[in-house]
Structures are given as structure tokens and as C-alpha cells.
Asks: 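One structure is given below, represented as C-alpha cells, and several questions about it will come after.
So that the names make sense, note that chain A is the first sequence line, chain B the second, and so on, each numbered from 1.
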Amino acid sequence: MARVLITSALPYINGIKHLGNLVGSQLPSDLYARYMRARGHEVMFICATDEHGTPAELAAAKAGKPVAEYCTEMHEVQAELARGFRLSFDHFGRSSSPENHTLTQHLAGRLKAAGLISEVSEKQVYSNADGRFLPDRYIEGTCPNCGYERARGDQCEECTKQLDPTDLINPRSAISGSTDLEVRETKHLFLRQKAMRDQLRDWIKSKADWPILTTSIALKWLDDGDGLQDRGITRDLDWGIAVKDGENDWPGMEGKVFYVWFDAPIEYIAATAEWAHAQGLGDEAWERWWRTDKGADDVRYVEFMGKDNVPFHTLSFPATLMGSAEPWKLVDYIKSFNYLNYDGGQFSTSQGRGVFMDQALSILPSDYWRWWLLSHAPESSDSEFTWENFQASVNKDLADVLGNLVSRVTKFCRSKFGEVVPEGGTFGPREEKLIADLTEKLRSYEQLMEAMEVRKSSAELRALWVLGNEYLQEAAPWSTFKIDPEAAAAQVRLALNLIRLYAVASQPFIPDAAQTMMTALGSDDWSWPGDVAAALATLPAGHAFTTPEVLFAKIADEQREDWQARFSGVRA
RNA sequence: GGGCCUGUAGCUCAAUGGUUAGAGCAGGGCGCUCAUAACGCCUUGGUUGGGGGUUCGAGUCCCUCCGGGCCUACCA
């Protein structure tokens with residue numbers, strides 16, 4: 001048994017996430033966590049809401065609520081949706097937790113002691129009307145290059161020229177529209193990543209098994225242009241983790257907070273501490289996952305994220321942990337994803353385009369979404385959601401191939417033998433062949449799941465289901481029954497046991513349907529089918545079962561058209 | 001501008017430089033009747049975006065052109 005630490009990129013707090021966010025980190029990490037648990041490994045699966053930063057403050061202001069209250073509410077909303085999608089986090093924390101405050105301040109203090117923090121005075125735009133410093137992209141104005149009137153302070157989206165906010169003609173606040181702006185001097189802390197460049201490069205180069213998407217992004221940041229730059233890790237905001245040197249004040253940094261990208265990854269660790277404390281356990285309970293001097297030596301740590309998060313997880317966060325000179329557990333494998341597009345364009349939280357998690361659950365059970373999203377995960381390139389593809393895939397894979405198999409086996413048994421596993425008969429060459437085929441496919445499935453090959457795993461699982469239909473067609477117990485009822489009994493006994501095997505194997509993808517199958521069979525035996533022949537003898541003759549309702553109702557054309565129309569515009 | 005990824009059947013995707021480029025869906029044919037008109041078997045369908053090159057051999061490596069996407073450090 002191994003110990004596996006799994007983290008999903010933290011969803012930002014400012015609203016309900018769309019399906020593109022879900023498939024990029026939370027869902028595949030859940031798939032992996034469920035599979036690892038199913039194989040008997042000890043798993044710690046961590047996620048949290050990322051609650052700091054300017055967008056959180058603005059979203060709270062828009063909602064007319066204090067930011068702390070807004071975050072508490074949105075955290076609960078996101079937690080409820082996570083439960084709705086059956087995301088099996090051991091803990092779903094909050095980056096605003098006391099644990100994260102303590103740990104972030106502690107690590108900053110360690111970095112300072114190691115000489116890896118520099119103080120830099122710089123000029124930033126301050127908006128008197130908004131009462132805050134404005135990040136570059138929250139300043140709008142006319143592009144001096146192309147004349148586009150809604151250019152942002154960091155870059156003109158029209159001509160793609162990179163800008164400085166002071167370049168803009170007629171600059172104004174993107175928040176309030178106010179032109180009462182001024183440039184003020186402010187002091188910030190920088191993480192001296194430049195000083196750690198060689199150390200980081202050596203570390204990344206040692207990760208030869210990482211996806212190319214992950215390493216190419218990291219190496220580009222390390223070596224592009226002038227190479228890796230120091231990164232500002234503080235901001236002039238009210239909401240966040242106060243800048244401190246461990247438990248001590250940091251002279252000159254009063255009223256400032258750490259930048260969210262400094263404290264967000266630290267929350268992976270802090271959330272594990274939150275978990276320990278919530279369980280009434282001591283610090284050693286979480287330290288054995290994160291401190292190599294306290295038991296984390298044998299932990300395998302895997303991170304899941306969308307490609308936009310890669311620089312922070314390959315550079316800043318490792319630099320933070322390495323630079324602390326404390327024995328923190330570093331990531332062993334980073335699984336990164338491309339983007340899921342929606343019907344010809346991008347999903348967009350800010351524009352309300354696409355299907356959001358709450359809407360998805362309001363029209364169909366989570367298994368439908370889990371199956372489609374995972375079997376179409378954007379691994380090698382961006383992928384696209386269309387309602388036609390969703391309907392076709394779900395109907396064929398879930399309703400026809402798996403659902404109907406469960407239906408035909410249980411109903412046939414009920415009509416000929418009653419709702420008990422039938423007795424008598426023996427297995428012949430056909431059954432031997434089935435067991436051999438199942439074993440081969442199952443072993444392949446295990447390898448793919450181990451390797452986090454999400455789409456390929458789903459295809460292999462589906463192939464496993466297909467074997468059941470092929471067997472039934474060949475064995476044809478409905479014909480056998482007429483001339484040799486005992487032989488038919490053996491065939492049906494095998495088929496019923498096959499359903500249990502499918503429940504176990506499918507559980508990481510479609511947990512609810514798997515539970516329904518298991519419950520219908522009157523079993524609670526989730527042991528992994530290491531030996532397929534033995535697994536197919538789990539339910540003995542005479543064991544009672546119930547015939548389940550339709551496992552997956554098909555999506556009708558009218559439903560699809562209705563949803564297509566309903567989700568064609570932007571969210572209200 | 002620079003960098004990275006990507007382009008394979010109508011659609012979604014596979015294929016350590018090595019037989020005749022494969023699956024699923026969709027289309028066509030046959031079979032079955034237990035089942036959610038489901039399932040099984042067979043089958044049509046490709047100048048691997050264009051062009052050039054390296055090689056005994058290229059979807060794969062190199063050059064170039066065309067299309068799609070992402071990143072480019074103060075959104076997170």
C-alpha cells in the first residue's frame with residue numbers, strides 16, 4: 001500500500017465555476033483519488049477555495065456584502081456543488097483559514113531569513129474614487145499604438161501591444177470609470193526567484209516523466225528572454241493575509257497583504273492542517289503528508305491543474321518551499337490540462353458563457369457530466385463541448401452499453417429464475433474466454449488509470465462493458481434456457497457477478513450509478529477484482545438481488561434542443 | 001513580435017521512425033429477440049492541412065507555407 005497525496009487547483013471564490021474549470025482539475029483529480037482508494041492505497045485528497053485578491057473584493061462589493069461574509073457564503077455554495085458532483089475531497093478548505101495565515105506568514109519569515117526576499121519600491125496607479133491601488137489590467141484607456149479605446153493597462157487586446165498603464169491616453173478605472181487617478185510610490189516584497197533559477201531548473205529537468213505541456217511552460221519561464229524574474233508577493237489590499245515575518249511584524253509593510261498567488265498554493269498544506277484539526281488530530285497528522293522529516297518520505301504527491309496554473313506550481317510554489325530550507329514535500333507529478341471550449345467559443349465566467357456547475361446539476365445527474373467530461377478531457381489539446389456530442393456519447397455509452405446491459409441481465413433473470421442468483425450449471429470455454437478477455441482489459445485499464453491517461457482509461461472501461469454484451473449475445477441464455485436451463489443458470493450467474501465487477505471498476509467515473517448497481521445486487525463488496533475468476537464468483541447461488549430502475553435515462557432530442565437554446569446566450 | 005501546442009475518416013480521438021494508418025460514434029448490410037427500438041457480426045469511408053527535404057523506410061524527424069489554440073510574468 002502506498003500513500004498518495006493529491007491536490008486539485010483551487011477554484012477562485014468569485015462565482016460558480018463552469019464545466020471547463022471542473023474538467024481541468026477537480027474532476028480528474030477526483031477520478032485519480034477514487035481509483036487510488038479503490039486499489040487500497042492511503043489517499044489524502046485536498047482542495048479549497050482561493051479567496052484573496054482584487055476580484056474577490058470587487059465581487060463582494062458588487063454583491064453588496066463584506067468580503068469575509070461573501071467568501072463564507074460562496075465557499076459554502078462551491079462546497080455544496082462539489083458534493084453534488086461527488087468530488088471526494090478529504091477536505092475542502094479555505095485559503096482564508098487561520099491555518100493558512102499562520103503557515104503563509106511562517107514561510108515568508110523563513111524566506112526572509114534565507115535572504116530570498118527583497119524589498120522594492122515602485123510606482124503604481126492609485127484611484128482616489130475607488131480608494132485602492134489598481135492592478136494594471138483594471139485600468140482602461142485609449143491605446144497609444146492603435147487608438148483602441150478600451151485597451152487595458154497591461155496590454156491592448158486589439159493590437160496585442162504590451163503597455164504600461166501610464167502609456168494609456170485618457171486612463172480611467174475599469175471598476176468605477178473614474179479618471180481621478182494618480183501615481184503613488186509603494187513598497188513591496190519580491191520573492192527572489194532569480195537566485196533560485198539553477199536549483200529550479202535542475203529540479204524540473206529531473207522530472208523527465210512530466211507531460212510536455214507542463215515542462216515546456218516551466219522551462220520557458222526559466223529561460224525565456226532575461227530568464228526567470230523575481231515576483232512580487234505582496235499587494236496593497238485590505239482582504240488577505242497580513243504581511244508578517246513569522247509571528248512578528250514586518251516593519252514598513254503595515255497594511256499590506258500577501259499576493260494571492262503566494263498564499264494559494266500554501267493552502268494545499270494549510271488545508272491538510274485544517275483537515276487534521278477538524279478531525280481533532282494533532283499537527284503530526286498532517287505533517288506526515290507534508291514534512292519529509294516527519295513521515296512524508298514515502299508519499300507520492302500529484303497535482304492536477306489547468307495549463308494556466310502551471311508557472312505557479314512549477315516555479316513560485318517550489319521556490320517558496322525550497323527556499324524555506326525546511327524539509328517540505330515537493331510535487332512528484334503534475335498533470336495539466338488544456339481548455340474545454342463551449343460550442344465554438346470559450347467558456348467564460350466573467351461573460352457567463354457556457355454551462356455552469358449549478359445549471360448542469362439542475363438538468364442531469366452528475367454521472368452524466370462526469371462521464372462525458374472525463375471521456376473528453378482536454379489532455380492533448382483543447383476540446384469542445386457540444387450538446388449533440390454530449391447527447392450522443394451519453395446515450396450510447398451509459399444508457400445503451402452499460403445501462404441496458406444491467407437491465408437485460410437482471411430482467412431476464414427475474415423472469416426465468418426469480419430475483420436470486422441462479423444455481424447449477426458449469427462454466428465452459430466461452431466463460432474461460434470471457435474471463436481471459438476481462439483480465440486483459442482490466443489490467444490495461446489499471447495501467448492507464450495509474451498513468452492518469454483519462455480519456456484512454458474511459459475508452460478501456462467502455463471496452464470492458466462491451467465484453468459483457470458480446471458474451472451475452474454469444475451465450476444467448478434466452479435460447480440456452482429452452483434446451484438446457486442449468487447452462488442458462490450458469491450464464492446468468494456469471495452475468496450478475498459481472499455487473500458487480502463493473503460497479504467496482506466504474507466507480508471512479510460514475511460513483512452514483514456504481515452504488516445503484518451494487519445496492520441492486522444486494523452487495524457491499526467493493527474489493528478490486530485482482531483475480532477476475534474469483535471476482536465473478538463473489539455473489540453465490542441463492543443470493544437475492546433487486547431489479548434496478550433504468551440506470552441512465554436517455555437524453556431525448558427535445559431535451560437537447562431545449563438546453564441548447566437555453567444555454568446559447570449568456571448567464572443572467 | 002517571440003515561444004509553445006495543435007492539424008489524421010463526416011464527428012471525437014489513437015498510432016516507441018518499421019507489416020496494408022487504427023478505435024468509438026454517425027452511414028450501409030445481416031443476425032438476435034433477454035433488454036432503455038437496446039445488443040452482436042460484417043461493412044463503406046484517408047493524397048495523415050499544402051509543398052520540399054533527411055532516411056532502406058516518415059502521420060512521426062528537419063525546412064517552409066497555411067489554419068486553430070495557449071502563454072508572454074500586476075486577473076487568478
Asks: Measure from CE on A:M517 to C1' on B:A35 and round the result to the nearest Å.
Replies: 15 Å

Asks: Please measure how far the P atom in B:U33 lies from the corresponding atom in B:G18, and state the result in whole Å.
Replies: 46 Å

Asks: Quote, to the nearest angstrom, the C1' distance that separates B:C11 from B:G46.
Replies: 15 Å

Asks: Would A:K554 and A:D400 pass as an ion pair if we require N to O under 4.0 Å?
Replies: yes

Asks: Given B:U36, B:C74, B:C39, which nucleotide is nearest the side-chain atoms of A:D400?
Replies: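 Per side-chain heavy atoms of A:D400, the pick is B:C39.
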
Asks: When Watson-Crick pairs (N1 to N3 and N6-O4 or O6-N4) and G-U wobble pairs (N1-O2 and O6-N3) count only below 3.5 Å on both distances, what is the dot-bracket string of RNA chain B, with | for other-strand pairs?
Replies: (((((((..((((....[...)))).(((((.......))))).....(((((..]....))))))))))))....

Asks: By the 4.0 Å heavy-atom rule, please label A:Y339 as base, sugar-phosphate, or nothing.
Replies: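 If one applies the 4.0 Å heavy-atom cut-off, A:Y339 turns out to touch the sugar-phosphate alone, with no base involved.
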
Asks: Nearest whole Å is fine: how far is B:C34 P from A:L405 CG?
Replies: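 Interatomic distance, CG of A:L405 to P of B:C34: 16 Å.
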
Asks: For B:C39 and A:K396 - does any side-chain N or O of the residue sit under 4.0 Å from the phosphate oxygens OP1/OP2?
Replies: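 Yes, within the criterion.
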
Asks: Determine the Euclidean distance between corresponding C1' atoms of B:A76 and B:C5; express it in Å to zero decimal places.
Replies: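 One C1' to the other, the span is 22 Å.
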
Asks: Say we look at B:G29 and B:G22: how far apart would their C1' atoms be, to the nearest angstrom?
Replies: 22 Å

Asks: Consider the side chain of A:D308, meaning its heavy atoms from C-beta on, and name the nucleotide among B:G24, B:A14, B:A76 that approaches it most closely.
Replies: B:A76

Asks: The side chain of A:Q124 is closest to which nucleotide in this list: B:A76, B:U12, B:C74?
Replies: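 Out of B:A76, B:U12, B:C74, the nucleotide with an atom closest to A:Q124's side chain is B:C74.
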
Asks: Mind listing the residues from residues 470-494 of chain A sitting with a heavy atom below 4.0 Å of RNA chain B? Number order is fine.
Replies: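 Only A:E470, A:Q473, A:W478 qualify.
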
Asks: Taking atom C1' of B:A73 as reference, at what distance in whole Å does atom CD of A:Q193 sit?
Replies: 9 Å

Asks: For A:D308, give me all partners under side chain to side chain donor-acceptor pair (under 3.5 Å), at least two apart in sequence or on another chain.
Replies: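 Expected list: none.
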
Asks: If you assign each of A:K220 and A:G403 to its closest nucleotide in RNA chain B, which residue comes earlier from the 5' end?
Replies: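 First, find each residue's nearest nucleotide; the 5'-ward one identifies A:K220.
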
Asks: Kindly indicate whether the side chain of A:N404 and the base of B:A38 share any N or O donor-acceptor pair separated by less than 3.5 Å?
Replies: no

Asks: Name the nucleic acid region contacted by A:E122, choosing base, sugar-phosphate or nothing; use a 4.0 angstrom heavy-atom cut-off, strictly under.
Replies: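 Result for A:E122 = base.
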
Asks: Which nucleotide in the set B:A35, B:U12, B:A76 lies at the smallest distance from any side-chain heavy atom of A:R408?
Replies: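 The answer is B:A35.
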
Asks: Side chain of A:K456: nearest nucleotide among B:C71, B:A15, B:C39?
Replies: B:A15

Asks: Is the positively charged end of A:K335 above the ring of A:F304, judged by distance under 6.0 angstrom from the centroid and angle within 45° of the axis?
Replies: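 No, cation not above the ring by the 6.0 Å, 45° rule.
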
Asks: Is A:D437 salt-bridged to A:K441, cutoff N-O under 4.0 Å?
Replies: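 No, this pair does not count.
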
Asks: Out of B:C39, B:U36, B:A73, which nucleotide sits closest to the side chain of A:L228?
Replies: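 That would be B:A73.
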
Asks: Inspect the surroundings of CD in A:E185 and state if more than 12 heavy atoms from other residues, nucleotides or ligands are less than 6.0 Å away.
Replies: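 Enclosed: over 12 neighbouring heavy atoms sit under 6.0 Å from CD of A:E185.
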
Asks: Between atom NE2 in A:H188 and atom P in B:C74, what is the gap in whole Å?
Replies: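 Whole-Å distance recorded here is 11 Å.
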
Asks: Without decimals, in angstroms, what is the distance between A:I499 CD1 and B:A35 P?
Replies: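 So the CD1-P distance, A:I499 to B:A35, works out to 14 Å.
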
Asks: For a quick test of reading the model: is some side-chain N or O of A:Y259 closer than 4.0 Å to OP1 or OP2 of B:A73?
Replies: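 For B:A73, neither OP1 nor OP2 has a side-chain N or O of A:Y259 closer than 4.0 Å.
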
Asks: Roughly how far apart, to the nearest Å, are B:C13 and B:G31 at atom C1'?
Replies: 30 Å

Asks: Tell me whether the rings of A:W372 and A:H376 are parallel (<30°), tilted (30 to 60°) or perpendicular (>60°).
Replies: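 Parallel, since the angle between the ring planes stays under 30°.
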
Asks: I'd like to know if the side chain of A:N497 reaches the main chain of A:R493, judged simply by a donor and an acceptor atom lying under 3.5 Å from each other, with no hydrogens or angles considered.
Replies: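 Confirmed, A:N497 side chain pairs with A:R493 backbone.
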
Asks: Distance between the P atoms of B:G57 and B:G3, in whole angstroms?
Replies: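 Approximately 32 Å lies between the P atom of B:G57 and that of B:G3.
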
Asks: Can you tell me the distance, in whole Å, between the CG atom of A:N338 and the P atom of B:C71?
Replies: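 My rounded result for the distance is 11 Å.
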
Asks: B:A38 and B:G10: how far apart are their C1' atoms, nearest whole angstrom?
Replies: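 My reading of the C1' atoms in B:A38 and B:G10 gives 25 Å.
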
Asks: Which whole-number value in Å describes the distance from A:L398 CG to B:U36 P?
Replies: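 One finds 17 Å between P of B:U36 and CG of A:L398, rounded.
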
Asks: Using a 4.0 Å heavy-atom cut-off, does A:V260 contact any base of the nucleic acid, only the sugar-phosphate backbone, or nothing at all?
Replies: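 Contact class for A:V260: sugar-phosphate only.
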
Asks: When the ring centroid of A:F133 is compared with that of A:Y138, is the distance short of 6.0 Å?
Replies: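 They do not qualify: ring centres at least 6.0 Å apart.
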
Asks: For A:S393 and A:S375, find the nucleotide of RNA chain B closest to each by heavy atoms; which residue's nucleotide sits nearer the 5' end?
Replies: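 With A:S393 and A:S375 compared, the 5'-side residue is A:S375.
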
Asks: Looking at B:U36, B:U12, B:G69, which one has an atom nearest to any side-chain atom of A:L551?
Replies: B:U36

Asks: If you measure from CD on A:E119 to NZ on A:K187, what distance do you get to the nearest 0.5 Å?
Replies: 4.5 Å

Asks: Considering every strand and a 4.0 Å limit on heavy-atom distances, what is the contact class for A:G468: base, sugar-phosphate, or nothing?
Replies: nothing

Asks: Measuring to OP1 and OP2 of B:U36, would you say a side-chain N or O of A:K411 lies under 4.0 angstrom away?
Replies: yes

Asks: Within the 4.0 Å heavy-atom criterion, would you say A:T410 contacts the bases, only the backbone, or no part of the nucleic acid?
Replies: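 Here A:T410 touches no strand at all.
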
Asks: Considering only the C1' atoms, how many Å lie between B:U55 and B:U60, rounded to the nearest integer?
Replies: 13 Å

Asks: Is the ring pair A:F552/A:Y368 parallel, tilted or perpendicular, if the boundaries are 30 and 60 degrees?
Replies: perpendicular

Asks: Can you find a side chain N or O atom of A:R462 that sits less than 4.0 Å from OP1 or OP2 on B:C25?
Replies: yes

Asks: Give the ring-plane orientation class for A:W261 versus A:F312, where under 30° counts as parallel, over 60° as perpendicular and anything between as tilted.
Replies: parallel

Asks: Does A:V466 reach a base, just sugar-phosphate, or nothing at all? Heavy atoms under 4.0 Å.
Replies: sugar-phosphate

Asks: Rounding to an integer number of Å, can you tell me how far A:D557 CG sits from B:A26 P?
Replies: 13 Å

Asks: Are the aromatic rings of A:H313 and A:Y268 close, with centres under 6.0 Å apart?
Replies: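 When the ring centroids of A:H313 and A:Y268 are compared, they turn out to be within the sub-6.0 Å range.
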
Asks: I want to check one thing: is the phosphate of B:C74, taken as OP1 and OP2, less than 4.0 Å away from some side-chain N or O of A:R231?
Replies: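 Answer is yes, contact under 4.0 Å.
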
Asks: Charged N to carboxylate O below 4.0 Å: is that the case for A:E558 and A:R560?
Replies: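 Result for this pair is no, no salt bridge flagged.
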
